[in-house]
Student: 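Handing you this structure, nothing more for now.
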Amino acid sequence: MEKTDAVTALAALAQDNRLDVYRLLVQAGPDGMTAGAIAEALDLAPNTLTFHFDRLRMAGLATVRREGRSMIYAARFETMNALVGFLTENCCGGVSCAAAPSSKPARKRSKTPA
């Protein structure tokens, strides 16, 4: 993936509604979802959704196909995989990275009387 493509994809995902749409498309898998189902699931107006779909499509993150009267949108997993690969290709200076420590908050010690 080229740097400009990565910037375009990240910019497309850097908006609340578009990120929600993309995550929903990922959950739907390769079969995708109808625009109506997405609008209902995310409580978005159809014209707003069309704008967000266009941005995701221009960034190569989503595809659309017509089935009868329905427009079916699907995530382009190969683009997201390329983006993740681009972001992590130089991870840890080429050395295998150790698993990240747990992000759970530290437990507070209880004070017990001695």
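The figures here come from the full heavy-atom set of this structure, side chains too, leaving out hydrogens, waters and symmetry mates.
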Student: Report yes or no: do Leu87 and Val7 belong to one cluster of Ile/Leu/Val/Met/Phe/Trp/Tyr joined by side chain heavy-atom distances under 4.5 Å?
Tutor: no

Student: Any donor and acceptor pair, going by atom type alone, linking the side chain of Thr48 with main-chain N or O of Leu44 inside 3.5 Å?
Tutor: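 Judged by distance alone, no pair lies under 3.5 Å.
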
Student: For a side chain to side chain contact (heavy atoms under 4.5 Å, CB included) check, start with the C-alpha distance between Phe86 and Lys3, then their side-chain angles and the critical distance, and finish with the verdict.
Tutor: CA-CA 8 Å; Phe86 176 82; Lys3 186 185 213 178; 4.2 Å; yes

Student: Would you check if Leu61 and Arg76 make a side-chain contact, meaning some heavy-atom pair closer than 4.5 Å?
Tutor: no

Student: Grab the two heavy atoms, one from Leu13 and one from Met80, that are nearest each other, plus how far apart they are.
Tutor: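 In this case the closest contact between Leu13 and Met80 is CD1-CE, 3.5 Å.
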
Student: Donor-acceptor pairs are to be reported for all side-chain atoms of residues 21-43 against protein atoms at under 3.5 Å, with residues two or more places apart or in another chain.
Tutor:
{"residue": "Thr34", "atom": "OG1", "partner": "Ala37", "partner atom": "N", "Å": "3.1"}

Student: Below 4.5 Å, heavy atoms only, C-beta onward: do Tyr73 and Arg57 meet side chain to side chain?
Tutor: yes

Student: To the nearest 0.5 Å, how far apart are CD1 in Ile72 and OG1 in Thr63?
Tutor: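 That separation rounds to 10.0 Å.
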
Student: Say you draw a straight line from CE of Met71 to CG of Leu49; how long is it, rounded to the nearest 0.5 Å?
Tutor: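 Between atom CE of Met71 and atom CG of Leu49 there are 11.5 Å.
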
Student: Minimum heavy-atom separation for Met1 and Leu83, please, with both atom names.
Tutor: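 The answer is SD-CA, 3.6 Å.
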
Student: Any chance you could measure Gln15, atom CD, to Asp20, atom CG, to the nearest 0.5 Å?
Tutor: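 Between Gln15 CD and Asp20 CG, I get 8.5 Å after rounding to 0.5 Å.
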
Student: Taking all non-hydrogen atoms of both residues, which atom of Arg18 and which atom of Ala12 are closest, and how far apart?
Tutor: NE-O, 2.7 Å

Student: Are more than 12 heavy atoms from other residues, nucleotides or ligands located less than 6.0 Å from atom CD of Glu78?
Tutor: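 Above 12, so yes.
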
Student: Would you say Val64 and Phe53 are hydrophobically clustered, going by side-chain heavy atoms of ILVMFWY under 4.5 Å?
Tutor: yes

